[in-house]
Amino acid sequence: MNEEYDVIVLGTGLTHVNKCLSSQGLGFSTAIGRALVTSQSEDECILSGIMSVKGKKVLHMDRNSYYGGESASITPLEDLYKRFNIPGTPPESMGKGRDWNVDLIPKFLMANGQLVRMLLITEVTRYLDFKVVEGSYVYKKGSIYKVPSTETEALASSLMGLFEKRRFKKFLGFVSNFDQNDPKTLDGVDPNKTTMRDVYKKFDLGQDVIDFTGHSLALYRTDEYLDEPCLDSVNRIKLYSESLARYGKSPYLYPLYGLGELPQGFARLSAIYGGIYMLNKPIEEVIVEDGKVVGVKSEGEIARCKQLICDPSYMMDRANKVGQVIRAICVMSHPIKNTNDVNSCQIIIPQNQVGRKHDIYVCMVSCAHNVAAKGKYVAIISTTVETNEPEKELKPALDLLEPIEQKFVSTSDLYAPTDMGTDSQIFISRSYDATTHFETTCDDIKDIFKRMTGTDFDFGDINRKQNDIFGDAD
């Protein structure tokens, strides 16, 4: 057993795809190649798909019998009850268990964001169907308001007074015209020196407006951005506005049948390029010689490699705990109040509104997305843990959702790599944060790609060629 692999992916899950392939009895000796990837999340699935497009040979392995880890979508509903140790079985009022596909981690896609670009360029969109999330809201003094992101919406918003509306309208006009390479559009602002705090002062924006701009438009989790150069903040607000402009209701998209469809799409992309899959493969050892990874041992066999990508759970000695996230999955029989009865939405509770250091997020989807039984809604709350009583930190969001039929609460540790892979060639992804979009995940993917290849990630490099789409006809 001396073969080397381009890429081996451990933990992609995607049960029905993997079971089909693993039932063929595929072993280490059936693949060829040179680098090794271990995963339990979309990060590694996306990287494996990208590596496949770039000509690498990929072997997918999973120590679980299902698409694993925190990023799973759970079906049927009975399995969700078991996972959270809820006694008994779901009541009949919950409908058929198979009608449920419940995400453990809530995320939406920015319509004009990096992940959508990856999906379009690799043509993974041919395997997925999306719906536009119907609303984006922000919390202010106990109530929720639609997030205004255009000059027209700003003038109509009840979130601001008359004079604030005019100032905010002027600010949005500045952001819309902003081009860092055209001094005429900068209005005296230096994108690389002027802080965002000073930009807000320039337009005389009040604290409430700053809160929803920084946290609901620029999607920052904390206020640290205020004293950093404004370029990133302005670009984030432009991304929100451009994403909103694509579909109108909100800047967010969500896949039918849940987020589990995303890694499945990238795994199928990898399979079309020759990727092979196996489930129930225990990982006994990551083999390192002279400080560099050389392979992985499973059931007495060794797959050799030149590089390894993994989530922190595979290499805990090379990662540090950097915090915790608490999430609460809430099942309801009603939409969230004061949202015009939409079938899906995001609500952001800015930190300052509830005396915290980190925002609280609410993602709601429903039967309209084939993730719940008819007439049911699933809202997932998430935030970074700040106290010794994490569940109490969710109270402002839980109050918005009442009445709640069933609640599933979990707390997860957040890890970041201490080994950047320069010498070891072990590349470890970061744990999922509390944000409800994939932009930070895509940043991590691009960072790992650069560390692996020594070159910046180029979207043009992952274009599929016409003669490379064999198998798609199925």
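Note that these values count all heavy atoms, side chains included, but never hydrogens, waters or copies made by symmetry.
Judged by distance alone, the side chain of T194 and the main-chain N or O of V189 form no donor-acceptor pair under 3.5 Å. Here the side chain of S241 pairs a donor or acceptor atom with the backbone of I237 at under 3.5 angstrom. The closest donor-acceptor contact from the side chain of K238 to the backbone of S176 lies under 3.5 Å. With R246 contributing its side chain and A111 its backbone, the two residues share a donor-acceptor pair below 3.5 Å. Between the S243 side chain and the N112 main chain, a donor and an acceptor come within less than 3.5 Å of each other. Remark: the backbone N or O of V132 is not paired with any side-chain donor or acceptor of K249 at under 3.5 angstrom.
Contact check for L262 versus F438: side-chain heavy atoms found under the 4.5 Å cut-off.
The side-chain hydrogen bond (donor to acceptor under 3.5 Å, both in side chains) search around Q180 returns none, not counting sequence neighbours.
Between the side chains of Y220 and D232, at least one donor-acceptor pair of N or O atoms lies under 3.5 Å.
The salt bridge (Lys or Arg N to Asp or Glu O under 4.0 Å) analysis of residues 106-118, with sequence neighbours excluded, yields the pairs K107-D433. Residue pairs meeting the salt bridge (Lys or Arg N to Asp or Glu O under 4.0 Å) criterion with at least one member in residues 345-363, sequence neighbours excluded: R356-E386, R356-E393.
Between Y252 and F108, the two ring planes are tilted [angle within 30° to 60°].
A salt bridge between R430 and D444 is absent, with no side-chain N of the basic residue lying under 4.0 Å from a carboxylate O of the acidic one.
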- prompt: Checking side-chain hydrogen bond (donor to acceptor under 3.5 Å, both in side chains) for the pair S424/D419: CA distance, chi angles, key distance, verdict?
  reply: CA-CA 8 Å; S424 68; D419 179 357; 2.6 Å; yes
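By the neighbour-count criterion of 12 heavy atoms within 6.0 Å, atom CZ of F174 is densely surrounded, having more than that number from other residues, nucleotides or ligands. Other residues, nucleotides and ligands place more than 12 heavy atoms under 6.0 Å from the CG atom of D317.
Of the listed residues (V116, L219, L115), just one forms a side chain to side chain contact (heavy atoms under 4.5 Å, CB included) with M110, and that residue is L219.
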